Amino acid sequence: MPEDILVDIKKDYVLSKLRDGERIDGRKFEEFRRVEVKTGVIEKAEGSALVRLGNTQVVVGIKMQPGEPFPDTPDKGIIIVNAELVPLASPTFEPGPPDETSIELARVVDRGIRESEAVDLSRLCIEAGKSVWIVFVDIHALDDDGNLLDASAIASIAALMSTKVPASRFGLGEDFDLPVNDFPVSVTSLIVGNRFLVDPSRDELSVGNTTLTVTVDRNDSIVAMQKSGDYLLSENLLDQIIDASISASKKMREEVLKQISKA
Amino acid sequence: MSRPDKFIINGKRLDGRLPDQLRPIKIEVGVLRRADGSCYIEMGKNKVVAAVYGPREAFPRHIQDPSKVVVRYRYNMAPFSVEERKRPGPDRRSIEISKVSKEAFEAIIMKELFPRSVVDIFVEVLQADAGSRTACINAASVALVDAGIPMKGMLTSVAVAKVDGVLVLDPMKEEDNFGEADMPFAFLIRGGKIESIALLQMDGRMTRAEIKVALNLAKKGAMEIYNLQREAIMKQFVEEGEENA
């Protein structure tokens, strides 16, 4: 099939560039693509963000409603992250229930938000044991040019930061800003032999879906990790990737915060 | 289950273990008649069975790969395996576990030897008590050896958690539920040595330095589990040899 041949050609190109110590788009190995963040793009949603990471585009919308708390956390709000890799975003995505890739994506984004305690869930209690705010984070892929995961994570936290809790609509007093205390950044690297490429583009991913995601909070703690794909990882490389992820996350966080505060 | 006030009292954990101690482990090989390879493992209160079918012809045919074997891995929890009945069938958690476990095995199975075929790995959790994915990988690894599937080495899995700021090996339920971090690993062990990482996940909060310590703790635990896996396999083959003599 022609698509297969193209993938092989791209793969050879990526690998030959790599042998010369370069990336096909001239980026440094530890450098993200250009990021563009716009919040408040969907008025009907409680919060939203459109993120462009290179040519990858994701929109995230936040909806909130009161609901029953989990029995083991009666006084805490609930966050539910869901991802839809709709067929509009790539010729390889198919309609239907979420497959393992979109489930993994949603769960890794979820862990970053949850484990960094980015949203103060204790302030989302309406009546302990009876009613709490449920925050639905819905990730909608628009264009998959590689690394939808990091783009989705950025869009999710940016959307949460722009969220107004719709209390008045439910007769629960005045609307208020969703309390957000941290800014986790996920950094996904493509592993090729004993090297790694931060924020791989789709062309770079033609060498294989062999990635490691490291999510870092604003205090440089690691809050989530996920090895994904059929490969073996050496300890040495793991060390290097963690270091690179911490520094890449800092730059990304700064850049996104700058763009959000300007808006 | 409610949150314990303290997880570590006088250097010991709630079940009396030291931070670097595993739960008791029991391994039996060849427990199922119909499967090509099988294994039953208990890790603490986890009870899991793994079965391997194949290499066999891949169906439906469109999943066949002319260059290598297709590996499938299904992690499934019995409805009665947990306190509150689990709705039967795959949920998001088990789909994710199946995916990362499958990828770990894909990295160590000599896939080129069986083009157009499939190796099916089925693991059933009969009782879960934190670390069921690690128990399943350990069982599946032994079942693959029992089925005679060529591999680069053994896959051995164990988790490390953080409770009261202390890193503990092979967390039990309370440590897993209320701990500050959980980090499951699987290692490729070849020639009696840990060679690389085949599965790695983490959630919680850990510093750069803690991750290093966690990795070393996991490696220590994995070597102990590996020796038990090896022992169980050797025992099985000696018994089979005697029966055939």
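Just so it is clear, the model here is predicted, and its values are computed rather than measured. Throughout, protein chains are lettered first and strands after them, A, B, ... in sequence-line order, and every chain is numbered starting at 1.
Interatomic distance, A:Thr213 OG1 to B:Leu200 CG, rounded to the nearest 0.5 Å: 10.5 Å. The structure places CD of A:Glu100 at 4.0 Å from NZ of B:Lys102, a figure rounded to the nearest 0.5 Å. One distance of note links CD1 of A:Ile242 with CD1 of B:Ile211; it measures 4.5 Å at 0.5 Å rounding. To the nearest 0.5 Å, atoms OH (A:Tyr231) and CD1 (B:Ile197) are separated by 9.0 Å. One distance of note links CG of A:Leu232 with CZ of B:Arg190; it measures 8.5 Å at 0.5 Å rounding. A distance of 7.0 Å separates CZ of B:Phe178 from CG of A:Asp72, quoted to the nearest 0.5 Å.
A salt bridge links A:Asp230 with B:Lys111: the closest approach of a Lys/Arg side-chain nitrogen to an acidic carboxylate oxygen falls below 4.0 angstrom.
The part of B:Leu199 that comes within reach of chain A is its backbone (N, CA, C, O), which places non-hydrogen atoms under 4.5 angstrom from that chain. If you measure heavy-atom distances from A:Leu237 to chain B, you find no contacts under 4.5 Å at all. Neither the backbone nor the side chain of B:Ile194 comes within contact range of chain A; no heavy atoms are under 4.5 Å apart. Within the 4.5 angstrom heavy-atom criterion, no atom of B:Arg3 approaches chain A. Both the backbone and the side chain of A:Ser116 have a heavy atom closer than 4.5 Å to some heavy atom of chain B.
Counted within 6.0 Å of CG on A:Asn219, heavy atoms from surrounding residues, nucleotides or ligands total more than 12; the atom is thus considered enclosed. Atom NZ of B:Lys212 sits in a sparse spot, with 12 or fewer heavy atoms from other residues, nucleotides or ligands closer than 6.0 Å. Within 6.0 Å of CZ on B:Arg87 lie no more than 12 heavy atoms contributed by other residues, nucleotides or ligands. Other residues, nucleotides and ligands contribute only 12 or fewer heavy atoms inside 6.0 Å of the NZ atom of A:Lys11.
Using a 4.5 Å heavy-atom threshold, the side chains of A:Glu104 and B:Val100 count as touching. The shortest side-chain heavy-atom distance between B:Leu215 and A:Glu235 falls under the 4.5 Å cut-off.
Contact count against chain B (heavy-atom pairs under 4.5 Å) is highest for A:Val223 among A:Ile103, A:Asp220, A:Val223. Here B:Ala198 is the residue among B:Pro90, B:Ala104, B:Ala198 with the most heavy-atom pairs under 4.5 Å with chain A. If you tally non-hydrogen atom pairs under 4.5 Å between each of A:Ser234, A:Pro98, A:Ala224 and chain B, the highest count goes to A:Ala224.
The contact list for residues 76-84 of chain A toward chain B, using heavy atoms and a distance under 4.5 Å, reads A:Val81, A:Asn82 by residue number.
Listed by chain and residue number, B:Arg205 satisfy the side chain to side chain donor-acceptor pair (under 3.5 Å) test with A:Asp217 (two or more places apart in sequence, or in another chain).
Closest heavy-atom contact between A:Gly229 and B:Glu103: N-OE1, 2.7 Å. When every heavy atom of B:Thr207 is checked against every heavy atom of A:Ser221, the shortest pair comes out as CG2-OG, 4.4 Å.
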| Does the side chain to side chain contact (heavy atoms under 4.5 Å, CB included) test come out yes or no for B:Met202 and A:Arg111, once each step is laid out? | CA-CA 9 Å; B:Met202 199 282 270; A:Arg111 267 175 235 155; over 6 Å; no
| task | Begin with the C-alpha distance, continue with both residues' side-chain angles, and end with the deciding distance and a verdict on side-chain hydrogen bond (donor to acceptor under 3.5 Å, both in side chains) for B:Lys99 and A:Thr101. | result | CA-CA 9 Å; B:Lys99 178 180 186 285; A:Thr101 315; 5.7 Å; no
| request: Determine, stepwise, if the pair B:Asp203 / A:Arg114 fulfils side chain to side chain contact (heavy atoms under 4.5 Å, CB included). | output: CA-CA 9 Å; B:Asp203 64 275; A:Arg114 193 175 301 277; over 6 Å; no
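Checking side-chain atoms of B:Arg208 against main-chain N and O of A:Asp239 turns up a donor-acceptor pair under 3.5 Å.
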